[in-house]
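All ligand and atom numbering here is 1-based and tracks the order in the structure.
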Amino acid sequence: MTPTFDLLIRNASIIDGTGAPRRPGDIGISGDRIAAIGDLSAATARQTIDLGGRVAAPGFIDAHTHDDRALLSSPDMTPKVSQGVTTVITGNCGISLAPMPRPVPQPVAPPLNLLDGDGQWFRFPDFASYVKALQDQPAATNCALLVGHTTLRVVTMSDLKRPANEDETARMRELVDQALTAGAIGVSTGLFYDTAVAATTEEVIEVCRPLGEHGGLYCTHMRDEADRIIDSLEETFRIGRETGSQVIISHHKLVGQANYGRSGETLELIEKRMGEQRICLDCYPYTAGSTILSADRAATATRVLVSWSQTLPQYAGRDLADIARELGVSEDEAIERLNPAGAIYFRMDEGDVQRILRFGPTMIGSDGLPHDTAPHPRLWGAFPRVLGHYSRFLGLFPMEVAVHKMTGLTAKNFGLQDRGELRVGAFADLTLFDPETVGEAATYEKPMVAAHGIDTVIVNGQVVWHGGKGTGARPGRVLTHEAA
Ligand code: ZN
Ligand code: CU
């Protein structure tokens, strides 16, 4: 007799990703899809996992990542699969690995150097060749790809300190069209950074024109997440309206003590505008951010940790204040000696983080930086922290809602068909976890540690993580966008 299923998950507490209350049941998987859900006690299978009442949820979708290169250079994707992530959205904050039709200018301009400091991975002349590389050598997780406006500026412009001229804008628009045709789901910008701050709103609109026709997304690390955040939100909404695209506000936060508490104001505006156009947002569950090291950012932080340094790598993981003392110089001088470098900045309010997380439409994204020497713990811990610390421990929302924010909601917003929900016919991306113990193990002191309570992770029907380690399976696919 041939078994009914390839994989059978018995005695699960099913949290299906829609936000609905959990229910007991079994899940049968055939090939890469969910074939049955319910009482399957009579069924047989090639492989059976008995959950003993623990949770089966859709695999988590990381709404905001910088995994463009990690998918190729570390295809086991351990920081992600170990926390239950089965799909990553790459190319955020304006920086994508592709396209790079000419040798990347040296030294690699920050923040592009977050993807690769020496630039050897900027080797894909067009977006299609990057997609092909991901398909030829799949990773453990699925991915959906954004093309970065800053990357396109580096490709087309010799001087990033000015707005693009008409020719450069036209060239970038053509590259956006090519990327969307090759499978990118949208464009990201990082208007906050030196490499793109000179871009006018009109430049962004003209570069993003093809989004309307392709049904692509506009994701943005906004120009200002501090004093002028309302202006930045208005700019984002305008770009969405004028290009006819759905916007995603990346890692929504308020930076600097003067802006603590203002999430009440920003969320009210976002909610109001949601009635007029399609707006989404994501958030990571920490009061510290992380990006390249700079003096102006350090000046608004209560504490700064160095996450990597090209010139003084031995200081990764240390406090900037201690490094300055040890070197016998000012913090500004220490920053100059450490650069190019990355840092973790404590400069957000816990109340804002909680209010933004609790906001119904907020998705979870890690914003993890996979190539840092001493990364922000969000790289390994964002998702279990939402489930453990914020849902179970603080009771910010039921675990069903936490799961929805990392699965069904995200799949719907990004147009990822048949992902993010446990139902018959959906792709078999699942995370099996213990709701009593799930939580992050990664800390600022020890950031590279697998989460607690994540038992088994399944991507397209194949087990990629089990018993505290990766299986070596690499069933990940490049996902495209179905316009909603
Ligand atoms: Zn960003
Ligand atoms: Cu980012």
**Study point:** Within 45° cone of Trp380 ring axis and under 6.0 Å: Arg378 NZ or CZ
**Key:** no
Review point. If you count the non-hydrogen atoms of other residues, nucleotides and ligands that lie under 6.0 Å from CD in Gln257, is the total more than 12?
Key: no
Practice item. Return the orientation label for the His221 and Tyr193 ring planes: parallel under 30°, perpendicular over 60°, tilted otherwise. Key: perpendicular
Review point. Between the Cu ion (ligand 2) and His221, is there an N, O or S atom separated by less than 2.8 Å?
Key: no
Exercise for review: Considering just N/O/S atoms, say which atom of His221 is closest to the Zn ion (ligand 1).
Suggested key: ND1
**Study point:** Angle subtended at the Zn ion (ligand 1) by Cys93 SG and His251 NE2, rounded to 10 degrees
**Key:** 110°
Revision key, fill the gap. For OD1 in Asp367 and SG in Cys93, the angle at the Cu ion (ligand 2) (nearest 10°) is 160°
Review point. Less than 4.5 Å apart, any side-chain heavy atom of Ser366 and any of His64?
Key: no
Check your understanding: Quick check: does His66 put an N/O/S atom under 2.8 Å from the Cu ion (ligand 2)?
Key -> yes
Point to revise | Within the 6.0 Å centroid threshold, strictly below: Tyr286 and His376 | key: yes
